[in-house]
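Both counts, for ligands and for their atoms, begin at 1 and track the order of listing.
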Amino acid sequence: MDYPSSKLPSVGLTIFSQMTALANQQKAINLSQGFPDFDGPKPLLDAVGRFIAEGKNQYAPMAGLPELCQAVSDKVFRCYGRKLEAESEVTITSGATEAIFAAISATVNAGDEVIVFDPAYDSYEPAVTLNGGTTVHIPLLPPQFAIDFQRLQDAITLRTRMIIFNSPHNPTGSVMSSEDLLQLEQLLEGTNILLLSDEVYEHIIFDNQVHQSFNRSPMLAERSFIVSSFGKTYHVTGWKVGYCVAPEALMKEFRKVHQYLTFSTSTPMQAAIAEYMQSDAEHDQNLPVFYQQKRDLMNERLSSSRFGIMPSPGTYFQLLDYTAISDLSDQEFVLWLLKEAGVATIPLSPFYKDGTQTGMVRLCFAKSSDTLEKAAEQLCRI
Ligand SMILES: Cc1ncc(COP(=O)(O)O)c(C=O)c1O
């Protein structure tokens, strides 16, 4: 039989899965994929078992457990001052990944253009492509990886349906400023362009900066799908529970896709997160200090290495400039580093549409102090 040609011909196994497989094979320290090597809060973990034993094992409502939608709405108000209707403007999803796919599928038509910033998280483009849209890529330039609003303006056409933002930004750690939000408001004045704001690292931001959620701006919020991930906030990435908030009209369309993509998200996980959010509202406020200590420990230990340490104001990722060590391509360098230092990292070029070489690799510092110290010691030998 002749199988149909691929709908995503240029997509292969993600670089994250590849590097994790190599790290496991070579028993290296895995600083490649973005997940913690420690557990989430014990009361949260225990609550899942309890809810399963109590029989919370059947389908959750399509939009999410009401108590979790309400907890999200309360949190958004507490953190960003936006009032959301829990019933009509919040949907619980199977990770931020599902929310991203549903938001794009609900609104992007064949022939539409969607603007993304490179280096970009890898799930945006395939979702646009599968819906018949075209992704337009704008570079973020080192060392700050800030948005160039002139370039953004130049990239907007009559076909622009959506712009995708991600702050704090994976893989560079850069964060948007309040000035960026103002510039964006001015740029979009009088247009019908939609926004997808990927804010999965909303609570992982350092040096006393404040996360500039699109929830803070009524003008941006009225055209935005804003997505986040409980996996990142509660150190439980494997649970794959996230959420999307959007104005009712957009959320109505979003739910039409969500309804047939997954229908609903794991009930005991949702119940546990809702309970935990009510019992420990401080958790997210403590994350900046928690992760900043890890970033600072790693960077302090790496200060005697030959790597250049790039600014990392947010996320649990750190970029390292290796140009003083090697002129290999970043894909070759991560393999060399794995062999020589026994540490797995991620090359930056797969995050660029055109494979731009920056001479940098990304590491994840969401690891125990022991792991970070050991990894830094091995990297300093290079
Ligand atoms: C920028 C960004 N968006 C979305 C996701 C996906 O989040 P989730 O695991 O909740 O699907 C990730 C996970 O690494 C991410 O880094």
Margin query: Tell me which pairs pass ring pair (Phe, Tyr, Trp, His ring centres under 6.0 Å) where either residue lies in residues 60-94, with sequence neighbours left out.
Written below: Tyr80-His211
Check: With ring centroids as reference points, do Phe351 and Phe16 lie under 6.0 angstrom apart?
Finding: yes
Is there any protein N/O under 3.5 Å from an N/O of ligand 1, and what does the full list of such pairs look like?
residue, atom, partner, partner atom, Å
ligand 1, 3 (N), Asp198, OD1, 3.3
ligand 1, 3 (N), Asp198, OD2, 2.6
ligand 1, 9 (O), Lys240, NZ, 3.1
ligand 1, 10 (O), Ala96, N, 2.8
ligand 1, 10 (O), Ser229, OG, 2.7
ligand 1, 11 (O), Ala96, N, 3.1
ligand 1, 11 (O), Thr97, N, 2.9
ligand 1, 11 (O), Thr97, OG1, 2.5
ligand 1, 11 (O), Lys240, NZ, 2.6
ligand 1, 14 (O), Lys232, NZ, 2.7
ligand 1, 16 (O), Asn170, ND2, 2.9
ligand 1, 16 (O), Tyr201, OH, 2.7

Margin query: Quick check for you: to the nearest 0.5 Å, what is the distance between Arg295 atom CZ and Ile309 atom CD1?
Written below: 10.5 Å
Notebook entry, point to check: When the aromatic ring centroids of Phe145 and His169 are compared, is their separation below 6.0 Å?
Noted result: no
Margin query: Given the ring of Phe290, does Lys294 sit roughly above its face, with NZ or CZ under 6.0 Å from the centre of the six-membered ring and within 45° of the axis?
Written below: yes
Check: Which atom names give the shortest non-hydrogen contact between Val361 and Pro347, and what distance separates them?
Finding: CG1-CA, 4.4 Å
